[in-house]
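For ligands, and for the atoms within them, numbers begin at 1 and follow the listed sequence. Residue indices begin at 1 and follow the sequence shown. No experiment lies behind these values; they were computed from the predicted model shown.
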Amino acid sequence: MADMIEDGTVIDGVHYHQHDIVIVGAGGAGMRAAIEAGPNARTAVVSKLYPTRSHTGAAQGGMAAALANVEEDNWEWHTYDTVKGGDYLVDQDAAEILAKEAIDAVLDLENMGLPFNRTADGKIDQRRFGGHTREHGAAPVRRACYAADRTGHMILQTLFQNCVKLGINFFNEYYVLDMVMAEVDGKKQPAGVVAYELATGDLHVFQAKAVIFATGGFGKIYKTTSNAHTLTGDGVGIIWRKGLPLEDMEFYQFHPTGLAGLGILLSEAARGEGAILRNASGERFMERYTPTLKDLAPRDIVARSMALEIREGRGAGPNKDYLYLDITHLEPAVIDEKLPDITEFARTYLGVEPYTEPVPVLPTAHYAMGGIPTNTNAEVLQSNTEIVPGLYAAGECACVSVHGSNRLGTNSLLDINVFGKRAGINASEYVKTAPWVPLPENPAKGIRDLLDQVRSGDGTERIAVIRKELQDSMDRNAQIFRTEESLKEVTELIETLRARYKNIQIQDKGKRYNTDLLEAIELGFLLDLAEVVVYSARSRHESRGGHMREDYPKRDDENFLVHTMAYLTGDPESAEAGEHIRLDWKPVVITNYPPMERKY
Ligand SMILES: Cc1cc2nc3c(=O)[nH]c(=O)nc-3n(C[C@H](O)[C@H](O)[C@H](O)COP(=O)(O)OP(=O)(O)OC[C@H]3O[C@@H](n4cnc5c(N)ncnc54)[C@H](O)[C@@H]3O)c2cc1C
């Protein structure tokens, strides 16, 4: 087989495509990258979902930028808040870029046609969000630009319309399941990706000079989550299986206000507009934990405080196992204008009327701070300092790291725009001079074998059962509070689930729209990623941001002011427990803000 295969060729039922740049994922990060790459290089966006169904569309509250439209603000305060909010594990050079480029990121979207809410004098309106302050923590500041409580929906639609205008090539409902790598001058580089077409069951090889991963998060390792069913971390899992590192995987964010029992998100915008968290006796308990910011403290602190309230018997309801989000003091007209969708969720899913009744809430797994390590050019790292030429990542799947150990609300919609754009620009520059990387012989073989193995499996295990056991155990053992004991329990379970996973059987053996088959593959990624999360969490003997070890309750800057870098070093199926993962540490970049105690 030739190294280069002409676009449109079909060999052994595998379709071949050739583009300078392949972007995996059509969420905010992927489409923002495409808008830069499309006009400059032959670009394809390959997405398992139709673009406007990506999770970015579910984002509610807002996108941060120090526009200072409604009160004094500047990007330096935004940088400080981001660093402090991330409990000083943030790379400060990256946070400076995030905060500085935020302003243009919002204006870009405005110029593309995004209908932001406006002030009376026609400027983009801004509202409060947790951890965003003026004068280095003095008081909450209005920094979040928003479109009612459907900001992500508007961003996704706007980006998609602009991609359509630019004639970007989309391959929708194509699941990328593997990345093909080849050696060039002794270094591994991406040569393309292999995708499974949902409608036909056919395999496609996309040869590319540069690959950008923008595949989003992996909240489905948990049971109670705000994340969509599709957020199974495929991109992060593919990178992991290639032996490339994953950074800071132990840091997973639990958002304080999921609908109790369901995990469906009620945006922090509610508290930004004045909503108050209360315990069973109606007390505004956050005043006790964070007297300055109260309900608008960063999420890790609020979620932990809520868990403590419940643990100490002050939870509401017959089992004292949830708390209340109270917006009854807001005018119904304000609620309708600024929080229409989330109040409707409370009515629909819990039968509660937010005008007059407090809404039962509980923390819900929300956001992966860790992921594929990149530098500020969105280039993927293969070690602490060395990049993989031609490989980029942006958005929730990546770890730049602007969020450190805890992300501030509204900084992710910002991250996908700033670093999505950077990925698109840098990949287009790269492909101008980069040579093609030869495809290896039979590049789709590995995936075809995996799919055949799953399709023909006649074991006794069911996908949904294994997934549920994993998610239940992650909720119980690797959630807000963690100990060596709890993490050990879930490690041992993952090991047995991995063995049982080899003995699965799927019902649908067909080719067309076989979601059964794909869910089996996705479960494989979930098992891999849950294991890395737990392994990294066991190794970090301190508490910082979203990672709370009850057996190591203090932050330990002397030993742990470092990023975790986890590597897959052997075959998980044959190696002894844990022996297929190696951990390394990477220094945190500190520019202007030496670590301080975090008070709010
Ligand atoms: C309910 C909710 C509300 C939120 N609200 C806010 C908010 O108000 N402000 C804020 O800043 N952040 C918010 N966030 C977080 C933020 O929305 C996300 O972190 C961000 O949108 C992720 O964007 P992304 O482009 O990285 O990924 P996504 O938007 O998740 O897109 C991922 C893309 O990857 C594709 N993909 C995945 N796997 C594959 C595969 N195997 N093959 C091909 N394609 C694949 C998918 O099809 C999809 O197109 C919220 C998140 C949730 C869940």
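Ordered by chain and residue number, the residues placing a heavy atom less than 4.0 Å from ligand 1 are Val24, Gly25, Ala26, Gly27, Gly28, Ala29, Val46, Ser47, Lys48, Leu49, Ser54, His55, Thr56, Ala58, Ala59, Gln60, Gly61, Gly62, Tyr174, Tyr175, Val176, Ala214, Thr215, Gly216, Ser226, Asn227, Leu231, Asp234, Leu265, His366, Tyr367, Gly395, Glu396, Arg407, Thr410, Asn411, Ser412, Leu413, Ile416.
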Could you list the donor-acceptor pairs under 3.5 angstrom formed by side chains in residues 208-223, with sequence neighbours left out?
unit_1 : atom_1 : unit_2 : atom_2 : d
Lys209 : NZ     : Val431 : O      : 3.3
Lys209 : NZ     : Ala434 : O      : 3.1
Tyr222 : OH     : Ala478 : O      : 2.8

Give the table of side-chain donor-acceptor pairs shorter than 3.5 Å for residues 519-526, with sequence neighbours excluded, one pair per line with atom names and distance.
unit_1 : atom_1 : unit_2 : atom_2 : d
Glu519 : OE1    : Arg467 : NH1    : 3.0
Glu519 : OE2    : His229 : NE2    : 3.2
Glu522 : OE2    : Lys48  : NZ     : 2.8

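Both tests hold for Lys84 against Tyr600: distance to the six-membered ring centre under 6.0 Å, angle to the ring axis within 45°.
Aromatic ring centres of Tyr174 and His204: separated by under 6.0 Å.
Sorted by first then second residue, the side-chain hydrogen bond (donor to acceptor under 3.5 Å, both in side chains) pairs that include residues 51-66, not counting sequence neighbours, number zero.
Tested against Phe206, the residues Phe171, Tyr196, Tyr16 include a single ring pair (Phe, Tyr, Trp, His ring centres under 6.0 Å) partner, Phe171.
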